[in-house]
Amino acid sequence: MNFEQARFNMVEQQIRPWDVLDFDVLDALMEIPRERFVLPEHQGLAYSDLELPLANGGKMLEPKVVARLVQGLKPSAAETVLEIGTGSGFATALLAKLAGKVVSCDCDHTQQQSAKTVLDGLDFANIDYVQNNGLSEPSQGGPFDAIYVGGSLRSVPESLLAQLKDGGRLVAVIGKAPVQHAVLLTKNGDTVQQKVLFDTAVAPLNDTAADPFDDFDF
């Protein structure tokens, strides 16, 4: 399979038509070999418009959803981003291409190490890995300029918002399928502004310990 052509087709046929027009995001997607992040038996589907399973039972979000969430977050080279849920490491790679530093946390050590092996092999040197409950436990390096949540939640806990700097942003998919909204939250002092970016339906954050506010069976 010609992965470079498949990657080009993904960007041009899936991601651009879904209103992802930020050139930095598109360029980064063209550079990241998504086939390295999927299970070996799913490499032929790496650039399909699908959620793909992970070894731990979780799911990779569709590439267009990841791209649009990251576009909404707008990380910059001067910023540190907290990622909740390392998962496959694909979103981690995209964030690391755009941000100065990424702190990626996950409760599943085995899954995180699998992602780290791939990311290390691609020479990403601006990622710190933390094994913790990132939704309720503070991660070293905060408060953060931006937070990316790699799966859906019923609601965003205050403990996570507390890890944002004043003026910081957070993107997440909120709600229970089939009615879910990707939202951008911006912290301004004691208030949080919310903007709906798009409607979608995605898998919940794959971490039973991570979201005590949700009744999904992860």
> Could you pull out the closest heavy-atom pair between Pro75 and Leu95, with the gap in Å?
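It is CG-CD2, 4.4 Å.
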> Please determine whether residues Val196 and Ile147 belong to a single hydrophobic cluster, defined as Ile, Leu, Val, Met, Phe, Trp and Tyr linked transitively by side-chain heavy-atom distances below 4.5 Å.
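Yes; tracing contacts between hydrophobic side chains, which count when under 4.5 Å, links both residues.
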> Look at the side chain of Gln194 and the backbone N and O of Leu185, then say whether any donor-acceptor pair between them is shorter than 3.5 Å.
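No, Gln194 side chain to Leu185 backbone: no donor-acceptor pair under 3.5 Å.
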> Under the 3.5 angstrom rule, does the side chain of Gln163 hit a backbone N or O of Gly134 as a donor-acceptor pair?
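Pair found, side chain donor or acceptor close to backbone of Gly134.
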> Any chance NZ of Lys64 has more than 12 other-residue heavy atoms, nucleotides or ligands included, within less than 6.0 Å?
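Yes.
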> What heavy-atom pair brings Met30 and Arg7 nearest, and what distance separates the two atoms?
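That closest heavy-atom pairing would be O-CD, 3.2 Å.
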> Side chains of Val25 and Ile15: does their closest heavy-atom pair fall under 4.5 Å?
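The answer is no; the side chains never approach within 4.5 Å.
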> Please check if the number of heavy atoms outside Glu4 that lie under 6.0 Å from its CD is greater than 12.
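No, because the 6.0 Å sphere around CD of Glu4 holds 12 heavy atoms or fewer from other groups.
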> Quick check against the 3.5 Å criterion: does Ser159 have a side-chain atom that pairs as donor or acceptor with the backbone of Leu135?
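Checking the backbone N and O of Leu135 against the side chain of Ser159, a donor-acceptor pair under 3.5 Å is found.
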> Can you confirm whether Glu41 is buried at CD, in the sense that more than 12 heavy atoms of other residues, nucleotides or ligands lie under 6.0 Å from that atom?
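Counting neighbours around CD of Glu41, more than 12 heavy atoms of other residues, nucleotides or ligands fall under 6.0 Å, so yes.
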> Between atom CG of Leu39 and atom OG of Ser114, what is the distance when rounded to the nearest 0.5 Å?
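So the gap between those two atoms works out to 8.0 Å.
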> Verify side-chain contact (heavy atoms from CB on, under 4.5 Å) between Val38 and Leu45, making sure each step is shown before the conclusion.
CA-CA 9 Å; Val38 305; Leu45 299 173; over 6 Å; no
> Check Leu82 against Cys105 and note the closest heavy-atom contact, atom names and distance.
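For Leu82 versus Cys105, the nearest heavy atoms are CD1-SG, 4.1 Å.
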> Do Val130 and Gln140 have side chains that get closer than 4.5 Å, going by heavy atoms?
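No, their side chains stay 4.5 Å or more apart.
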> Where the side chain of Glu137 meets the backbone of Asn133, is there a donor-acceptor pair that is under 3.5 Å apart?
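Side chain of Glu137 to backbone of Asn133: a pair is present.
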> Using the six-membered ring wherever Trp is involved, compare the ring planes of Phe198 and Trp18 and label them parallel, tilted or perpendicular (cut-offs 30° and 60°).
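Phe198 vs Trp18 ring planes: perpendicular.
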> Sort out for me which residue in Leu119, Leu122, Thr117 forms a side-chain contact (heavy atoms from CB on, under 4.5 Å) with Arg36.
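Answer after filtering Leu119, Leu122, Thr117: Leu122.
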> Indicate yes or no: at least one non-hydrogen side-chain atom of Val103 is less than 4.5 angstrom from one of Thr80.
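Contact flag for Val103/Thr80 side chains = yes.
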> Find out if a path of hydrophobic residues (ILVMFWY) with successive side-chain heavy-atom gaps under 4.5 Å connects Leu29 to Leu21.
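No, separate clusters.
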> At their closest point, which heavy atom of Arg34 faces which heavy atom of Leu52, and how far apart are they?
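Residues Arg34 and Leu52, closest heavy atoms: NH1-CD1, 4.1 Å.
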> Decide yes or no on side-chain hydrogen bond (donor to acceptor under 3.5 Å, both in side chains) for Asn56 and Thr110, but give the supporting numbers first.
CA-CA 8 Å; Asn56 68 352; Thr110 301; over 6 Å; no
> So, taking the atom named CG in Asn126 and the one named NZ in Lys101, what distance separates them when rounded to the nearest 0.5 Å?
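So the CG of Asn126 and the NZ of Lys101 are separated by 9.5 Å.
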> Could you give me the CA-CA distance, side-chain angles and deciding distance for Gln112 and Asp108, then say whether side-chain hydrogen bond (donor to acceptor under 3.5 Å, both in side chains) is met?
CA-CA 6 Å; Gln112 188 179 64; Asp108 188 329; over 6 Å; no
> Tell me if a side-chain donor or acceptor on Ser152 pairs with a main-chain N or O of Ile174 at a distance below 3.5 Å.
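Checking the backbone N and O of Ile174 against the side chain of Ser152, no donor-acceptor pair under 3.5 Å is found.
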> Step by step, would you call Phe124 with Lys97 a side-chain contact (heavy atoms from CB on, under 4.5 Å)?
CA-CA 9 Å; Phe124 282 98; Lys97 285 279 189 181; 4.0 Å; yes
> At their closest point, which heavy atom of Pro63 faces which heavy atom of Met10, and how far apart are they?
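Closest pair (atom of Pro63, atom of Met10, distance): CB-SD, 3.6 Å.
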> Quick one, Lys165 and Lys187 - any side-chain contact, counting heavy atoms below 4.5 Å?
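No - every pair of side-chain heavy atoms lies 4.5 Å or more apart.
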> Under the criterion side-chain contact (heavy atoms from CB on, under 4.5 Å), I'd like the reasoning laid out for Phe3 against Met1: C-alpha separation, chi angles, the key distance, then a yes or no.
CA-CA 6 Å; Phe3 288 121; Met1 181 175 180; 3.8 Å; yes
> Answer yes or no: is there a donor N or O on one side and an acceptor on the other, between the side chain of Asp106 and the main chain of Gly87, under 3.5 Å?
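Yes, the answer is positive, given that a donor and an acceptor are paired below the 3.5 Å cut-off.
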> With a 4.5 Å limit on heavy-atom distance, are the side chains of Leu61 and Glu51 in contact?
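A side-chain contact exists here, since the closest heavy-atom pair is under 4.5 Å.
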> Within the structure provided, determine whether Val102 and Tyr148 are in side-chain contact (heavy-atom separation under 4.5 Å).
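Val102 does not reach Tyr148 side chain to side chain.
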> What heavy-atom pair brings Leu54 and Ser88 nearest, and what distance separates the two atoms?
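The pair with the smallest heavy-atom distance is CD2-CB, 3.6 Å.
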> Is there side-chain contact between Tyr47 and Glu35, with at least one heavy-atom pair below 4.5 Å?
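Tyr47 reaches Glu35 side chain to side chain.
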> Heavy-atom distance under 4.5 Å between the side chains of Arg68 and Leu197, does that happen here?
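Contact flag for Arg68/Leu197 side chains = no.
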